[in-house]
Amino acid sequence: MKKRQMYFRMIIASLMRRRSRMLVALLSIAIGATVLSGLVTIYYDVPRQMGAQFRNYGANMIFTPAEDKLTLEEIQQGAAVLNGKDVVGIAPYRYENVRIHERPVVIAGTDMTGAQATSPYWHVEGSWPSADGQIMIGAGIAESFRLKMGDLLEVSYTPEEAGEDAETVVDRITEFEITGILDTGGSEEDYVYVSLADLEALTEKPDSIDVAELSISATSEELAAYAEQISNAVPAVNARLVKRVTASETTVLTKLQALVLLVTIVVLALTMICVATTMTAVVTERRKEIGLRKAIGASDASIIKEFLGESMMLGGLGGILGSILGFIFAQQVSIHVFSSSISFMPALVPITILVSVLVTGLSSLMPIRSATEVDPALVLKGE
Amino acid sequence: MSLLELKHIYKIYGELHALDDVSMKVEKGEWVSIMGPSGSGKSTMMNIIGCMDKPSKGEVLLDGVDISKESSKNLTTVRRDKIGLIFQQFHLVNYLTAVENVMLAQYYHSIPDEKEAMEALERVGLADRARHLPSQLSGGEQQRVCVARALINYPEIILADEPTGNLDEANEEIVVDLFHKLHDEGTTLIVVTHDPEVAEVAQKTIVLRNGRVVKEVVNQNFTGKIHFSEEGTHVTKTDLKSEEEIKAEESK
């Protein structure tokens, strides 16, 4: 039998046949590794999760016209700078004044799919308009006009060019079917919404966009860079960040990551203390065995090698357990806090095991060093 | 040349002279007992002979080499290569089986060899208990494993510290018989004991008191076999001095 074989046989025997003591040590390492691996997973997943969360708060970039109005083509050109990546949605808005029951109301023409993506927090009773001739009205409008879903609504538009000669005013009237009532708690409730095509048909004025809202999944630095690129590439477009959203996203993200990092360091320190304490107890408990080993010829290096081997093997086992439990832990946190699942990071498994082995080895050094100070003569004294 | 020679050994702790000018010789193949009451310096002497401690003064010649000034690292090597230890408390590693405990000594000495370890267990009559953990063995069996571990590396000296101190009469006899066998095979034995029955079976008994050798008795009727009197007390074969005589000598 080779020496190495005997070495591993001894270590495995020590771990297997002293199960109760070793389970306590293993548990402390595994808990540490679990929290570490879980928190690191969350740490790396938080930007993605937070980004998704913040996209729920609406657009984080807007395009305004450099001069009077924007065209859809200009918006497309601006969006093309982003190469389509990280773009959650684009909603062009065109606002016009119309009359409903002879009272002035602001109508917004937009791309319903884009608006849904950039304003995911909008609560719509019924459904978003999906075909021509359909309209969504704000809750404020619904209340003041006593309108409900399914009602037909006449919208009158007075062309601007006819404004000067009131005699010849010919209002354009279109009838829409109310499909949804918008409830946001904000000023959006006082508008009515139709598709761009319907508004163009009503006004007979194509391609006249006032503003475009974009929701982009990116950090505030990236967004700032995109905005600059877009403004430079498409002079007609003035790309700006919605500071309120991007700034708070960055602040929250930085604070959250700092918190996770801090907790990780604290857990790491606690794990080290725990392992060191357990190993000190193990060394104290095995003083006689150490004395015996030294009495029958073990060198200090052999004693260190054996105890370090045991603790590192425990570290490895704890790391494997921690990787599995850490993923479950991170998954639970993600589900309960962010309401979405996280993806498994395979690279984290070897890292967790390695860190666990290193942390266990490091925190065992002091207790193991004290093991070498055991006097072999103690085995002769019949203590 | 003697295998082991202690020349004017002193071990001093502050005011206390644990060993006070002790000299003795052990020849190769000899069976020597060291006797004495508690505090007589037996353990200190055992530590020095077993290379686990160094004397304050004097020389310890093992195979003609003075080991009294060696570093603890070198003493570990000497202990590993030349001395087999047997303990009163057996000191088997509790999570290793009997055969693994024997192999442990091989592991530190050279290369573990399970076959050889099994043969050593066979010599002490424990081949069938080789895969048992110490907790599954009786005291006598544990001591026999300890003997097998001590002899596995063919040491020059087997040093036994109260080897029968924790054994009943039957097991005591088994262990002493084992020593007898080892002695017959040419092994040098040094047995530290306070049990006269165990001490007397040796070829030579050295009696310590207050750190001094007060008597060295050669057993003329050496048989290597233990004898028990009917009452369980030992049968005196030597003329050890009485307490009064020793006290008188000390006062001089």
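Reminder, nothing fancy here: chain letters follow the sequence lines and each chain counts from 1.
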Under 4.5 Å from a heavy atom of chain B, the part of [X] involved:
X: Met10(A); result: both
X: Arg293(A); result: both
X: Leu292(A); result: side chain

Can you give each donor-acceptor pair under 3.5 Å made by side-chain atoms of residues 321-331 of chain A, sequence neighbours left out, with the distance rounded to 0.1 Å?
{"from": "Ser323(A)", "atom 1": "OG", "to": "Gly319(A)", "atom 2": "O", "distance (Å)": "2.8"}
{"from": "Gln331(A)", "atom 1": "OE1", "to": "Ile342(A)", "atom 2": "N", "distance (Å)": "2.8"}

Side chains of [X] and [Y]: do they bring a donor and an acceptor to under 3.5 Å?
X: Ser299(A); Y: Ser302(A); value: yes
X: Ser370(A); Y: Glu373(A); value: no
X: Asp66(B); Y: Ser68(B); value: yes

Handout entry: Toward chain A, the part of Ser72(B) with a non-hydrogen atom under 4.5 Å
Key = neither
Handout entry: Contact leader toward chain A among Arg149(B), His109(B), Lys42(B), Lys73(B), where contacts are heavy-atom pairs under 4.5 Å
Key = Arg149(B)
Exercise for the section: Identify which of Leu104(B), Thr77(B), Val93(B), Leu92(B) forms the greatest number of heavy-atom pairs closer than 4.5 Å to chain A. Expected result: Leu104(B)
Practice task
Sorted by first residue and then second, give each salt bridge (charged side-chain N to carboxylate O under 4.0 Å, His left out) pair with at least one member in residues 347-368 of chain A; sequence neighbours left out.
Solution key: none
